[in-house]
Amino acid sequence: MDVYLVGGAVRDELLGLAVTERDWVVVGSTPEEMQSLGYKPVGKEFPVFLHPDSKEEYALARTERKKGRGYHGFEFHASPDVSLQEDLLRRDLTINAMARNTQGEIIDPYGGREDLDNKILRHVSDAFAEDPLRVLRVARFAAKYHHLGFKVDKETHLLMRQIVTSRELREIAPERIWQETTKALITDAPGEFFQVLLSTHALSQVYPALYHPFADGENHAHGLTALNTICSSHDDAQIRFAALLGGLHYEDKTNNLNEIKKFTQEFPLSKDIKKLLNLVLSYQHKCHNALQLSSEQLLRLIHYLDARRNPERYVNVLNICEVIYNSINKTKKYKQKQFLLDAVETIENIDIDTWVQEKVSAEELTNNIRQAQLSRLSELINKYN
Ligand code: CTP
């Protein structure tokens, strides 16, 4: 049997980038032989094994044939007579269809090396269009390698449009869409991911709720500006996504704030990000206008933002609001943030000992605390204005 390093590891090695995961292809072997050598079978649909020591993935060389709709609709053929070239042919992009043998030689039957040099994301064969997930993958690679100057090849773009026309993108599980999106969000240029989805018309199928604000030139620009700006200070995918959505809805000209909120609650996101998105989408304007609020309104805002129970998320919301506001208004100062932080600080630690000693009723105690908070907030408002 012959073993080859394949896919992303070969690509990233040639690009001089760090390799985080290594996938291997085994030619000329059988599941029985692999198991007799101590490899552990893990593949449900096709034969993949984990190396007994390194635990890296070793897949038997295989070919694929489309037999149904969606990205699961494939029939696999793995046998000792499947060649490395045949295995590489079924892959998505030429830059992902190279292999390295144990002597360190690169096997590159489909021009991956040349496309790496010319910075082109190009499909290997027309079979590219059989897997709708590849639209998302190419958009993700466009984001990941944007800083190196990579562009999607024209013909590949056409094939992506063809996949969109087949509407098979609608069959990709939302969890899978989010998985690709998260990977794209942590790159240096996540905006490229959304631009490619937009230019291939895939966005309306993948993220229907984002399509309307993206289709409006001004909202589109606000969303991408906020996303691009937040990338220099925050590398967390959730915070970046919240900045994008907040920016897209900085002005709700397309009247789809409710639609987007519904999407954020229904899409399979974690509870934490759902809450963060909801706070940014619902209260960003109150934060932007914080200095004009009355003490009652301010106290209510602090309560809605759950600032005292979850100070870390509160700071994140304020950071996101700051980035959205500054990137859209082209300013550098967001006094609102310090003001809102001071507002929470000033209502902390109100001394209730005297009232407790006086044994005031629970209702009176609540009322006294509230009056004390409002009075401290009024002082703060006067100080800032
Ligand atoms: N692949 C493919 N089509 C897909 C998924 C994967 O052709 N829909 C192939 C590509 O050759 C890819 C390899 O399987 O390089 C491994 O896939 P994966 O680990 O998902 O991605 P990588 O290319 O390794 O990318 P990354 O490093 O960003 O994870």
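We use all heavy atoms of the structure for the numbers below, so side chains are in, but hydrogens, waters and symmetry mates are not. As the structure lists them, so they are numbered: ligands from 1, and atoms in each ligand from 1.
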Contact atoms of ligand 1, heavy-atom distance to Lys144 under 4.0 Å: 26 (P), 27 (O), 28 (O)
Tell me which protein heavy atom sits closest to atom 27 (O) of ligand 1, plus the residue, atom name and distance to 0.1 Å. Arg11 NH2, 3.0 Å
Please determine which of Tyr283, Tyr325, Tyr334, Tyr250 meets the side chain to side chain donor-acceptor pair (under 3.5 Å) test together with His288. Tyr334
Suppose I only count heavy atoms of Gly7 and a 4.0 Å limit; which atoms of ligand 1 are within that range? 15 (O)
Closest non-hydrogen protein atom to atom 18 (P) of ligand 1, residue and atom name please, with distance? Arg137 NH1, 3.8 Å
My understanding is that we take every heavy atom of each candidate and find the minimum distance to atom 28 (O) of ligand 1. Doing that for Arg22, Met98, Lys183, Arg140, which one comes out nearest? Arg140
Taking the side chain as every heavy atom from C-beta outward, state whether Lys337 and Asn319 have any pair of such atoms under 4.5 Å apart. yes
If we only count N/O pairs under 3.5 Å, is Asp12 in contact with ligand 1? no
Close-contact set for ligand 1 against Gly8 heavy atoms, below 4.0 Å: 15 (O), 23 (O), 24 (O)
If the threshold is 4.0 Å, N to carboxylate O, is there a salt bridge linking Arg176 and Glu180? yes
Ion pair Glu348/Arg308, N-O distance below 4.0 Å: yes
Spacing of CG belonging to Leu116 relative to CG belonging to Leu121, to within rounding of 0.5 Å: 9.5 Å
Flag for Ser29-Tyr58: side-chain donor and acceptor within less than 3.5 Å: no
Suppose we screen for side chain to side chain donor-acceptor pair (under 3.5 Å). Which residues come up paired with Arg370, at least two apart in sequence or across chains? none
Ligand 1 atoms nearer than 4.0 angstrom to some heavy atom of Asp23 are 16 (C), 19 (O)
Can you tell whether the side chains of Arg137 and Asp92 come within less than 4.0 Å, N to carboxylate O? yes
How close does the nearest protein non-hydrogen atom get to atom 8 (N) of ligand 1, and which residue and atom is it? Asp131 OD2, 2.9 Å
At under 4.0 Å between heavy atoms, which part of Asp92 makes contact with ligand 1: side chain, backbone, both or neither? both
Tell me which part of Thr20 gets within contact of ligand 1: side chain, backbone, both or neither, using heavy atoms under 4.0 Å. neither
For atom 14 (O) of ligand 1, the closest protein heavy atom turns out to be Arg91 NH1, 3.4 Å
Taking both backbone and side-chain atoms of Arg90, is any N or O found less than 3.5 Å from an N or O belonging to ligand 1? no
Test: Asp272 and Lys275 ion pair at under 4.0 Å: no
